[in-house]
Structure formats: structure tokens, C-alpha cells
Trainee: 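After the C-alpha cells below, expect a handful of questions from me.
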Amino acid sequence: MAFSPRVFSGIQPSGDLHLGNYLGAIRRFVPLQDTHETIYCVVDMHAITVWQEPNDLRRATREVAAAFIAAGVDPKRSIVFNQSQVMQHAELAWVFNCVARIGWMNRMTQFKDKAGKNSENVSLGLLAYPSLMAADILLYKATAVPVGDDQKQHLELTRDIAAKFNNDYAASIAEQGLDPDFFPITEPLIAGPATRIMSLRDGTKKMSKSDPSDQSRISLLDDADAISKKIKKATTDPAELPVEVEDLKGRPEADNLVGIYAALSDKTKAEVLAEFGGQGWGKFKPALADLAVAQLAPMSGEMRRLIEDTTTIDGILRDGGERAAAIAEKTMNEVRRIVGFIR
Ligand code: TRP
């Protein structure tokens, strides 16, 4: 059986969405609605792998949902929901905890980075995080997952879990009369000139919500004035823009700003340099600021409006949750039979 093209992606509600989240993920969710069945999830259960104040978590969950909608995700065409509304995520994650090996989890670079020297004292959930992510994706038998390149390793682990489940339970899957490729081997969709947006202060560091400098990132809630000022003040080297893309090498700030321009205008870096190569920052930065304001300011306005309208947002999440649960329950029913759980 071929799996129908279905996209799943998730964003953590851990506060302060920025341009990196938008260009690396959310913006790419929109056109996929034309070619795939699309499911976009606010992964609140992932967020609590590190401490979240409950009221902040609620607000951040609504912020991510508002960003989806403001960016052009249509909650009628796509399924938009928060993970914790669909209990099957936790249920399948448990089964996957028993399929995956501890060694697989210990090898995850994101875990090592987040745990640091403190690996005995972080939550067990942080270690098991990729099992839950695999459950998110495989509950819907998603065939494609748009993510930033930092999630590549987690996607590979999802494929490993799918393959091991299909293999470990092959006899039972056959006995139940189900497709031997019960779970699909999901493809990552990692694309675009700017999947990694860097800090506006230091082109070698990723744009991050945890950077102490607010000038280092463009928040998706920034208004036109803030967006424009941050771009005009962004750190650059003194040289003018190169004509060739290769000459961006060794110039991380220039590379980043050209990448942002390219991503916001759906162009390649080469096309951007064909227009601006040989010119100075005094020309390029105002052009980038205008482009960013035109694209982002209406979105941030809409987001701020939606975040306050909790009735609408919560209604969208509840409706999405019901539609997601209908699909998830079908998969979970099969999984329970395969594993040998009596119901
Ligand atoms: N781990 C992802 C991140 O931090 C978020 C995530 C959770 C996700 N579940 C997912 C992404 C499923 C894609 C598919 O960015």
C-alpha cells in the first residue's frame, strides 16, 4: 500500500517565536497545504520536558497557534491542534519507549546539548523526547516532515523506530492482516536558503530565544518599527555585498542577511546578489528592512490580535484536536492489536 502524502510538523510552545522559527518552519507550512494533507501541532507535551510555568505554557501555546494562522495556515484545510488534547500521543510514545533503545536516546546531540554536564538531573522526559516525537509523526503515518536541520537526527530516529516496530512485530502485523510496512519511513523536508537563521549580532550563533540580547532576534510579535530598527542595526562587516554566492563564505553576517532576504522574497541567494552585489549596506539594509516589515508586520499585528481572542484560538485547537484524534485512534487501535493489548 502506498501512504497518501501527509505532512506533520510540530513547534514547541516555549515562548518568544522569532524569525528563525518562521523561516525555518512555519512559513513553509503554508504552501504544503496545496499538495498534502497537513497536520500542524503545538507540542505542549514536549515543552514540559523542561520546566514551564503553567500560565506561560498556556500563553505560549496560543502564541504558536496564532502564528500558524497569521502566517497563512488555514485551520479548515489543515488540522491545527495542541498535542496534549490527543492522548494517543502519550500512549504511542509509551509503546515506542519500549521499542527504542536507551543507547539511541543517549546519542541524540540535542539531548547532550540540553542536558550538558547535568545528565543525571534532567527529566526522564527530556531523554525520551524523541520517542514522543516519533509518536507524533507516526500516529498519523505522516510521509513528510518539514523541520529545521537541527531536527534531522530526531527524524532519523523516527525512521529507526518505525523500522524496528515493523520488524519486531512483523508476525503479529501479518496475523492481524495489516500492511507489513505498517509505519511509513518518513522523509524529512529540509529546504530553503535560510533554514538556519543566525543572530543579528553574531552571524556564527543561531538566532535564539535564549540570547540575552533582544537585538539579536526579530520576534514574530515585533511591530514595524522594531523590525526595521533591528535590521538596520544588525552587525555586518565593512565590505560591500559580493557578486558571487561563494564569496559569502567567511562572512557569516553578510551570508545571514542575504539568506533572510532570499527566504522572505522566495529567491535564491544568487538572485539576491544579482540585484545587490557590489552595493553597500546603506542600500541593502533599508531594502531588507522594507521587505521584512512588509512581510512580518501584518503577521505580528494579526498574531497579537488572535492571542487575545482566546475563545477563537481555543476553538480552533479543540476542533483540530477532534479531527486529529479520529485519525490517531484508528492507528492506535491497530497498534494495540499488534502489540497484544486486550480491549
Ligand atoms: N522537536 C521539534 C523541535 O524542537 C518539535 C517537534 C515535536 C516536531 N514533534 C515533532 C517537529 C514532530 C516535527 C514533527 O523543533
Side-chain angles (χ1 to χ4, degrees), residues 6-29 32 36-50 52 57 60-61 63-65 67-68 73 78-86 88-90 92-93 96-97 100 104-105 108-115 123 125-162 183-192 195-197 206-210 220 320 324 327-328 331:
R6 183 181 275 162
V7 157
F8 183 98
S9 196
I11 304 266
Q12 286 200 54
S14 37
D16 256 337
L17 288 173
H18 54 70
L19 186 63
N21 305 114
Y22 175 63
L23 293 176
I26 301 171
R27 181 183 169 95
R28 298 164 54 212
F29 293 176
L32 287 166
H36 292 69
E37 193 182 335
T38 41
I39 306 177
Y40 297 126
C41 184
V42 189
V43 290
D44 48 4
M45 289 160 64
H46 276 110
I48 64 163
T49 56
V50 298
Q52 305 292 332
L57 180 63
T61 299
E63 181 183 326
V64 176
F68 287 168
V73 171
S78 293
I79 294 179
V80 175
F81 73 111
N82 58 310
Q83 190 182 29
S84 60
Q85 291 211 43
V86 180
Q88 287 85 351
H89 288 250
L92 186 58
F96 287 170
N97 279 343
W104 298 5
M105 301 295 159
M108 293 294 110
T109 54
Q110 183 171 304
F111 175 72
K112 288 192 269 191
D113 290 348
K114 284 198 181 177
S123 76
L126 192 67
L127 180 64
Y129 180 113
S131 255
L132 178 60
M133 179 161 162
D136 297 342
I137 296 165
L138 295 174
L139 256 186
Y140 305 97
K141 299 186 181 176
T143 53
V145 176
V147 281
D149 71 345
D150 62 324
Q151 295 299 310
K152 244 195 227 164
Q153 200 186 25
H154 287 159
L155 251 295
E156 275 157 24
L157 192 78
T158 299
R159 295 154 67 98
D160 291 343
I161 289 176
F183 283 125
I185 306 301
T186 305
E187 292 297 329
L189 296 177
I190 296 166
T195 46
R196 269 177 91 87
I197 303 296
K206 262 181 86 165
M207 187 175 284
S208 161
K209 70 169 165 54
S210 48
L220 293 189
I327 305 172
T331 305

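Ligands are counted one by one from 1 in listed order, and the atoms in each one are counted from 1 as well. Reckoned from all heavy atoms, side chains included, excluding hydrogens, waters and symmetry mates. From a predicted model like this one, the values you see are computed outputs, not experimental measurements. Residue numbers run from 1 in the order of the sequence given.
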Trainee: Do Thr61 and Asn82 meet the criterion of a side-chain donor-acceptor pair at a distance under 3.5 Å?
Mentor: no
Trainee: Just wondering, do Asp16 and Leu220 contact through their side chains at under 4.5 Å, heavy atoms?
Mentor: no
Trainee: Does a salt bridge link Lys206 with Asp150, judged by any charged N lying under 4.0 Å from a carboxylate O?
Mentor: yes
Trainee: Answer yes or no: is there a side-chain heavy-atom contact under 4.5 Å between Phe68 and Phe29?
Mentor: yes
Trainee: Is there a donor-acceptor pair closer than 3.5 Å between any side-chain N or O of Arg6 and the backbone N or O of Lys141?
Mentor: no
Trainee: With a sphere of 6.0 Å drawn around NZ of Lys152, does it hold more than 12 non-hydrogen atoms of other residues, nucleotides or ligands?
Mentor: no
Trainee: At a 4.0 angstrom heavy-atom cut-off, what protein residues surround ligand 1?
Mentor: Phe8, Ser9, Gly10, Gln12, Val43, His46, Tyr129, Met133, Asp136, Ile137, Val145, Val147, Gln151
